[in-house]
Protein chains: 4
Amino acid sequence: MTAIKPLRADARRNRARILVAAEVVFVEKGPTASTDEVAERAGVAIGTVFRHFPTKKDLLQALVKDLMLRLTDEVTTLATEADPATALFDFFTRMVDQAAAKKTVVDLLAESGVDIHVAQPIQSLREAIGQLLTRAQHAGAVRTDVGLDEVLALLTSTSQGALHAGWDPTLQRRTLTILFDGLRPC
Amino acid sequence: MTAIKPLRADARRNRARILVAAEVVFVEKGPTASTDEVAERAGVAIGTVFRHFPTKKDLLQALVKDLMLRLTDEVTTLATEADPATALFDFFTRMVDQAAAKKTVVDLLAESGVDIHVAQPIQSLREAIGQLLTRAQHAGAVRTDVGLDEVLALLTSTSQGALHAGWDPTLQRRTLTILFDGLRPC
Amino acid sequence: MTAIKPLRADARRNRARILVAAEVVFVEKGPTASTDEVAERAGVAIGTVFRHFPTKKDLLQALVKDLMLRLTDEVTTLATEADPATALFDFFTRMVDQAAAKKTVVDLLAESGVDIHVAQPIQSLREAIGQLLTRAQHAGAVRTDVGLDEVLALLTSTSQGALHAGWDPTLQRRTLTILFDGLRPC
Amino acid sequence: MTAIKPLRADARRNRARILVAAEVVFVEKGPTASTDEVAERAGVAIGTVFRHFPTKKDLLQALVKDLMLRLTDEVTTLATEADPATALFDFFTRMVDQAAAKKTVVDLLAESGVDIHVAQPIQSLREAIGQLLTRAQHAGAVRTDVGLDEVLALLTSTSQGALHAGWDPTLQRRTLTILFDGLRPC
DNA sequence: CATGAATGAGGTTTCATTCAT
DNA sequence: AATGAATGAAACCTCATTCAT
């Protein structure tokens with residue numbers, strides 16, 4: 001149980017602005033973009049960035065954690081509210097779309113050799129996606145011999161692939177179609 | 001048409017050693033590894049690296065070009081000698097295996113924001129893979145409504161995905177199986 | 001004549017705690033230790049340190065002043081109550097002992113380029129030691145051609161020397177013995 | 001046995017210039033002076049300083065080592081050529097004089113928390129001074145119950161003491177006189 | 001008065017690239 | 001052509017000091 005110290009209003013505001021700025025900057029220039037640039041974009045001084053994230057690594061990790069939490073929320077909603085037969089495919093599609101629009105932080109993480117110490121958020125996401133899969137299988141929309149690991153592997157691969165040049169939306173659909181056909185019972 | 005100046009024997013030897021060293025180093029540490037380290041590993045002085053490749057970018061591009069040529073050779077052989085029905089899947093599998101073993105240079109390229117000026121080698125590779133695909137389709141092993149672009153997209157995605165932690169060989173096979181099922185006629 | 005504003009009870013308490021903390025921290029890490037660390041050790045916020053001591057320099061100076069006052073007290077007691085023939089040597093010995101135990105603030109001062117504006121406390125200490133010397137000379141324990149300046153010079157030198165590695169207590173005694181022999185009449 | 005790689009002429013020249021500049025700068029401003037300033041004074045770029053001394057610590061240590069070597073030379077000359085009865089006192093006096101003229105690097109070292117890894121040069125110096133002492137004792141100029149450790153302790157103390165404000169040359173002589181009286185047989 | 005977040009100059013260090021040897 | 005020292009911009013990070021809460 002970690003007692004999280006409540007931050008002062010301005011500090012919390014700055015923390016948020018830094019994370020937003022960091023996402024934008026790193027998405028644009030990759031994880032080698034300078035911390036200075038993040039600070040400038042966030043409209044704070046460089047020292048403020050380092051007060052909140054003592055290391056660049058810490059900043060990247062916080063970014064990942066954040067993204068994971070947002071994703072988990074989204075997936076959980078789908079898992080409880082959407083049509084089981086299509087929810088997994090919908091999520092898959094949405095994720096790849098997002099990845100294509102901006103270099104995901106999952107990617108940043110992979111590229112910058114950050115040691116993953118965000119186990120818990122990742123675990124939550126994994127479980128949420130697991131629900132999607134199970135429900136899709138119960139609904140007969142996905143083969144029962146497909147495991148969560150394969151789904152995740154395909155998801156991350158395709159998301160990252162979508163980042164690279166030359167994937168127009170049409171190509172994405174066609175690629176996903178092939179994948180989905182592989183996942184379907186027949 | 002560029003007239004290629006014939007290099008002195010020792011110069012050509014050095015060029016080769018640098019490329020080998022660069023591949024090893026960048027595979028190990030990612031594209032942010034220092035050029036110094038490449039030089040040391042190649043057993044030459046840093047100045048020699050820059051004489052052959054005026055820029056780090058140039059070094060990366062040469063690496064990509066090199067890899068493309070090797071891959072094209074391999075694919076061409078498959079396309080003319082192997083069983084049409086399985087050649088595409090074999091190649092696909094082999095490529096993912098290699099990617100899992102070492103960060104491919106395709107990846108390096110993507111990460112370092114290198115402007116792609118290796119059009120020609122890439123084009124050759126593309127065409128060679130196109131042959132594999134066509135022959136597989138003629139042999140009835142692949143759906144005829146699948147295009148070369150989708151195949152390439154899936155190939156690069158999966159290759160890059162294979163780099164990331166947690167893909168044991170078994171997972172790779174299972175993931176590829178799903179993909180291949182998606183590509184097959186039924 | 002500076003009218004000293006009476007401080008509120010909590011402010012006075014904080015001031016004292018900061019000084020104690022500063023002595024501990026600077027003794028441990030040298031005068032380059034960060035003011036943050038002093039604040040943390042004192043259990044106050046950084047702003048509180050700067051309210052009491054507008055500058056790091058001020059903090060160092062206050063520390064020196066404090067030490068001088070304590071030393072002067074001690075010497076004055078010796079000068080009025082102890083055996084004249086041994087009081088100087090006793091004091092000398094005690095001071096070197098203390099210096100060996102913890103980096104004196106005199107030393108801190110010297111290292112941090114602080115302009116000496118602690119003239120008055122230093123003057124008092126000087127006079128107190130002067131008394132010790134005079135009385136020792138009257139008692140025939142110290143040569144009469146030795147001046148206060150020399151005594152102070154030897155005192156500070158030896159105190160600082162005692163800080164450096166390799167001065168075990170035995171070596172301190174032997175070194176002081178030589179010094180004292182030099183100070184004695186014959 | 002460390003094989004010392006012979007440096008290129010310009011590299012050796014730069015190394016020397018950096019050391020000279022460092023001595024000047026650190027003497028003037030203390031060990032907290034910036035490495036940038038050393039570079040500027042040496043007329044080289046900042047990167048050159050760090051090529052020769054990868055860390056500020058390294059630069060300080062090299063400075064110490066250098067000084068030790070020069071001192072050892074000086075002492076050895078005295079030990080073989082000068083009058084045994086006065087050589088020790090001469091050296092002692094000269095060292096204190098130098099210390100008074102410029103903050104010695106021994107002092108810098110002590111202040112900057114540098115781990116001493118200059119054992120060998122220090123040992124040589126120690127031995128050279130030991131010779132001075134032995135010869136002075138044989139010549140009847142120093143008490144035979146005085147050890148090398150005490151002499152060194154007094155030497156470093158007095159040298160450092162001489163750095164601090166208020167030691168005019170006259171005071172130095174008088175202080176040394178007392179010390180020397182303590183060392184002499186009577 | 002106390003707090004502690006924000007500031008931003010400045011320090012150390014790295015690294016692609018140039019150039020004298 | 002090879003060498004490797006020099007360059008210097010830019011990165012990361014620290015810390016004395018200010019100021020809103």
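Here is how names work: the chains are called A, B, and so on, in the same order as the sequence lines, proteins then strands, and each is numbered from 1.
- Listed nucleotides E/dT12, E/dA5, F/dA6 differ in distance to D/Asn14; the shortest reach to its side chain belongs to F/dA6.
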- Message: Evaluate B/Arg13 against B/Asp10 for side chain to side chain contact (heavy atoms under 4.5 Å, CB included), listing each step before the verdict.
- Response: CA-CA 5 Å; B/Arg13 198 161 46 243; B/Asp10 56 346; 3.6 Å; yes
- Reading DNA chain E 5' to 3', how would its secondary structure be written in dot-bracket notation, given Watson-Crick and G-U pairs with both distances under 3.5 Å, brackets [ ] for crossing pairs and | for partners on other strands? .||||||||||||||||||||
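- Among the protein residues, B/Ser34 comes within range of the sugar-phosphate backbone only, with heavy atoms under 4.0 Å from sugar or phosphate atoms but none that close to a base.
- Interatomic distance, NZ of D/Lys56 versus OG1 of D/Thr32, reported as 6.5 Å (0.5 Å rounding).
- As rounded to whole Å, 11 Å separates atom C1' of F/dT14 from atom NZ of C/Lys56.
- Look at CZ on A/Arg15: it is 18 Å from P on E/dG4, rounded to the nearest Å.
- The CD1 atom of D/Ile18 sits 15 Å away from the C1' atom of E/dT12 (whole-angstrom rounding).
- Put simply, CG on C/Leu19 and CZ on C/Arg15 are 5.0 Å apart, with the number rounded to the nearest 0.5 Å.
- The side chain of B/Ala45 has F/dT3 as its nearest neighbour among E/dT17, F/dT3, F/dT7.
- Atom CG of A/Leu59 is separated from atom CZ of A/Phe50 by 8.5 Å, given to the nearest 0.5 angstrom.
- Residue A/His52 places at least one side-chain N or O under 4.0 Å from the OP1 or OP2 atom of E/dA6.
- The distance from atom CD of A/Gln61 to atom CG of A/Leu63, rounded to the nearest 0.5 Å, is 11.0 Å.
- At the phosphate of E/dC1, neither OP1 nor OP2 sits under 4.0 Å from any side-chain N or O atom of C/Arg51.
- Separation of atoms CG (C/Asn14) and NE2 (C/His52) is listed at 5.0 Å; rounding is to 0.5 Å.
- Nucleotide F/dT17 holds its C1' atom 14 Å from the CG atom of C/Leu59, rounded to whole Å.
- Closest to the A/Asp10 side chain, of the nucleotides E/dT7, F/dA2, E/dA5, is E/dA5.
- Nearest to the side-chain atoms of C/Thr48 among the listed nucleotides F/dG8, E/dA6, E/dA2 stands E/dA2.
- Atom-to-atom, CG of D/Asp36 to C1' of E/dT13 comes out at 11 Å; the value is rounded to the nearest Å.
- Heavy atoms of D/Thr35 sit under 4.0 angstrom from primed sugar atoms or phosphate atoms, though from no base atom.
- Listed for the B/Ser34 side chain is a donor-acceptor partner under 3.5 Å among the backbone atoms of B/Glu37.
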- Going through the distances and angles, do A/Val38 and A/Phe26 end up as a side chain to side chain contact (heavy atoms under 4.5 Å, CB included)? CA-CA 8 Å; A/Val38 173; A/Phe26 289 142; 4.0 Å; yes
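- Comparing F/dA1, F/dA9, E/dG4 against the side chain of D/Ile46 picks out F/dA9 as the nearest.
- Rounded to an integer number of Å, the gap from D/Phe50 CZ to F/dC12 C1' is 13 Å.
- Rounded to a whole Å, the CD atom of D/Glu40 is 15 Å from the C1' atom of E/dG11.
- Projected onto DNA chain F by closest heavy-atom contact, A/Pro54 and C/Gly47 fall at different nucleotides, the more 5' of which corresponds to A/Pro54.
- Nearest to the side-chain atoms of B/Ala11 among the listed nucleotides F/dA1, F/dT14, E/dT13 stands F/dA1.
- Taking atom CZ on D/Arg17 and atom C1' on F/dA5, their separation rounds to 14 Å, with Å as the unit.
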